[in-house]
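The structure under discussion appears below in the form of structure tokens.
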Amino acid sequence: MNIPLADPEALAPGTLRVTPLGGLGEVGRNMTVFEYEGKLLVVDCGVLFPEEHQPGVDLILPDFEPIKDRLDDIVGVVLTHGHEDHIGAVPYLLRLKGDIPLIGSGLTLALVEAKLKEHRIKPFTLTVKEGQREQVGPFDLEFVAVNHSIPDALAVAIRTPAGMVLATGDFKMDQLPLDGRITDLRAFSRLGEEGVDLFLVDSTNADVPGFTPTERSIGPVLDQVIGKAPRRVIVASFSSHVHRVQQVIDAAHAHGRRVAFLGRSMVRNMTIAEQLGYLKVPDGVLIDYKKARDLPEDQIVYMSTGSQGEPMAVLSRMANLDHAIEPGPGDTVILASSLIPGNENAVYRVIDGLTKLGANVVHKANARVHVSGHAAAGELLYCYNILKPKNVLPVHGEYRHLMANAKLAQDTGIPEERTILGSNGTVIDLKDGVARVAGQLDIGFVYVDGSTVGEITDADLKDRRILGEEGFVSIIVVVDSTTGRIISGPEIHARGVAEDDSVFDDVAPKIVAALKEAAGNGVRDNHALSQIVRRTIGRWVNQKLRRRPMIVPLVIEA
């Protein structure tokens, strides 16, 4: 994983270049670029959600820098499925060039198009389904059905004269899926017989032994919890988890309850899923949430967003009593989703807040109300043995997931030197059945912060953390521009510091003395005087108050 930065050499003729720009070492912002004969194919273009050490950030995008000057060379973007970590960054890519074709299944493209409509972008799309083959530039694409926690997921086999790559996207091998659409192992076997030169495989559950439980095992649990609930039921899930929403609707209908969707993305996505026939809703079950408040409390189920503890999502606002629906004693809240790494603290805060309000909170730790959408170790072993790939690149996961996946590949006989543990920006060249690391690009985080994209830096986030954790101190001093003598000040104000401003009375003489000494030495430069003020009060605050606040000195010449 710690591959030293090195620009790759020019791409040799007849070689396929593979460069992940996101999704390695993290669960999110999945994006991989394939290059052959001067043309680029992108597979997935997702977002990563911020963690607590990234305050104020809305989304994190893949780093488009390596392809920004080559947008005209992109022949298409293949989207394996409709989750945000695979489609969420599409609007930001199409802002750079709006006519890049998008390729995916019906549901996936419908979800993307709804998202793009909000950005006022009308895309060029090609709808594909399992078993279909398409020639896109120099890339011969074949699409394979895979099972995941959202309908219509596809793996893609990419054929070029340099070799064949199979990218699974996110997948598992549920043998009893709710929609009857299983991962097509017959197609996997056929591709294995033909020869898979490079296997890009989902790693999220590679460190989980055995097999992922079936989606059907959730239905009876949800039915039981909803059936026994004395008052309102609030179920939180991902806004694209059609299967889970279907199970909630079925359980609610069975117990004479109606269902109201909460959260803009939940309403949008489930409307699309119902219109396309992926969500089956009995007549009279759905109700607008404003009208739902007039129903008896034992006749309603709210289906909401916020299962990851997102501060502005519906469930967090409920827990903070910042929503029209206020949970209370007798209410049942079900968190029917997985816990994305990094979100643990936020989720447990929401659970704690709801519990304090008197709600009965049901989650994965105390009931089987969710199963993962990713293949566990046993399923991955089956895939390796069926495909017998020549080279493996574990993708989609944190480092421990990638490492566990690589170990599984090696257990099935794939040589260690043919198992590539890469990171974002690792450049891999494939030719004649051999994949080798050809370089390492410097890939960064691109932060979406309000209306700005890519302008917030890690230094800015460090400043925000300091402001949030240590506070802020400002010092204003007016000096004579000719003599350097202090005319007014220092005036010191603090925010986010427990002590009263009067505590700084002790340091004011030290600042005066330091500036007087500087003036005597002929220092007149504003920046230099500001730095003297910063160092003087910084040392004092650190020693006296044991804090390291943000210090903003302002030296004004008069």
Side-chain angles (χ1 to χ4, degrees), residues 1-25 30-45 62-78 93 97 100-101 103 133-142 155-168 191-192 194-201 387-395 402 406 409 414-444:
M1 286 288 284
N2 295 318
I3 302 169
L5 292 176
D7 290 332
E9 65 268 22
L11 186 57
T15 303
L16 175 66
R17 177 159 286 175
V18 183
T19 310
L21 298 184
L24 273 68
N30 298 281
M31 181 176 181
T32 306
V33 178
F34 298 82
E35 179 179 0
Y36 189 77
E37 292 183 347
K39 297 297 181 182
L40 305 178
L41 177 76
V42 177
V43 174
D44 288 326
C45 187
D63 191 345
F64 298 147
E65 196 61 38
I67 60 172
K68 264 188 178 175
D69 297 330
R70 301 193 58 190
L71 298 174
D72 291 337
D73 295 333
I74 301 176
V75 295
V77 178
V78 174
L93 179 62
K97 189 173 189 292
I100 298 173
I103 304 164
R133 284 182 74 161
E134 292 287 341
Q135 188 72 37
V136 180
F139 305 97
D140 177 2
L141 308 179
E142 180 180 350
V156 58
I158 304 166
R159 294 180 176 88
T160 69
M164 188 223 291
V165 178
L166 177 60
T168 64
L191 294 170
E194 182 181 335
V196 174
D197 295 290
L198 180 61
F199 189 32
L200 272 64
V201 56
L387 290 165
K388 296 290 184 189
K390 294 176 184 174
N391 304 272
V392 172
L393 175 65
V395 296
L402 304 182
I414 298 167
E416 185 176 350
E417 64 271 16
R418 296 292 185 92
T419 308
I420 300 171
L421 271 172
S423 59
N424 295 331
T426 299
V427 180
I428 297 148
D429 285 353
L430 175 68
K431 187 177 184 182
D432 298 329
V434 177
R436 65 178 186 86
V437 175
Q440 177 66 48
L441 305 179
D442 187 9
I443 296 294

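Along the sequence shown, residues are numbered consecutively beginning with 1.
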[X] [atom1] to [Y] [atom2] distance, which is reported to the nearest 0.5 Å:
X: Leu430; Y: Thr160; atom1: CG; atom2: OG1; value: 7.0 Å
X: Ile100; Y: Leu40; atom1: CD1; atom2: CG; value: 9.5 Å
X: Glu142; Y: Arg133; atom1: CD; atom2: CZ; value: 5.5 Å
X: Arg418; Y: Asn391; atom1: CZ; atom2: CG; value: 5.0 Å
X: Phe34; Y: Thr19; atom1: CZ; atom2: OG1; value: 9.0 Å
X: Leu41; Y: Ile103; atom1: CG; atom2: CD1; value: 6.5 Å

- Evaluate side-chain contact (heavy atoms from CB on, under 4.5 Å) for Ile158 paired with Val78, printing each intermediate quantity in order. CA-CA 11 Å; Ile158 304 166; Val78 174; over 6 Å; no
Between [X] and [Y], which heavy-atom pair has the shortest distance, and what is it?
X: Gly422; Y: Leu402; result: O-CD1, 4.1 Å
X: Pro394; Y: Ala406; result: CG-N, 4.0 Å
X: Gly137; Y: Val75; result: CA-CG1, 4.2 Å
X: Gly444; Y: Asp63; result: N-OD2, 3.0 Å
X: Pro13; Y: Lys431; result: O-NZ, 3.2 Å

Quick one: does [X]'s side chain have a donor or acceptor within less than 3.5 Å of a partner on [Y]'s backbone?
X: Asp432; Y: Val434; value: no
X: Asp197; Y: Val165; value: no
X: Gln440; Y: Asn424; value: yes

- Message: Which residues pass the salt bridge (charged side-chain N to carboxylate O under 4.0 Å, His left out) test with Arg70, not counting sequence neighbours?
- Response: Glu35, Asp73
- Please assess Leu441 against Val427 for the test side-chain contact (heavy atoms from CB on, under 4.5 Å), listing each intermediate value before the final yes or no. CA-CA 7 Å; Leu441 305 179; Val427 180; 3.9 Å; yes
- Applying side-chain contact (heavy atoms from CB on, under 4.5 Å), run through Val201 and Val392 and close with a yes or a no. CA-CA 8 Å; Val201 56; Val392 172; 4.2 Å; yes
Is there a side-chain contact between [X] and [Y] in this structure, where contact means two heavy atoms from C-beta onward sitting under 4.5 Å apart?
X: Phe199; Y: Thr168; result: yes
X: Asp140; Y: Gln135; result: yes
X: Ser423; Y: Ile443; result: no
X: Leu200; Y: Leu393; result: yes
X: Leu21; Y: Cys45; result: no
X: Ile420; Y: Ile428; result: yes
X: Ile67; Y: Met31; result: yes
X: Met164; Y: Leu191; result: yes

- Message: A quick test of your reading: do over 12 heavy atoms of other residues, nucleotides or ligands sit less than 6.0 Å from CD of Glu9?
- Response: yes
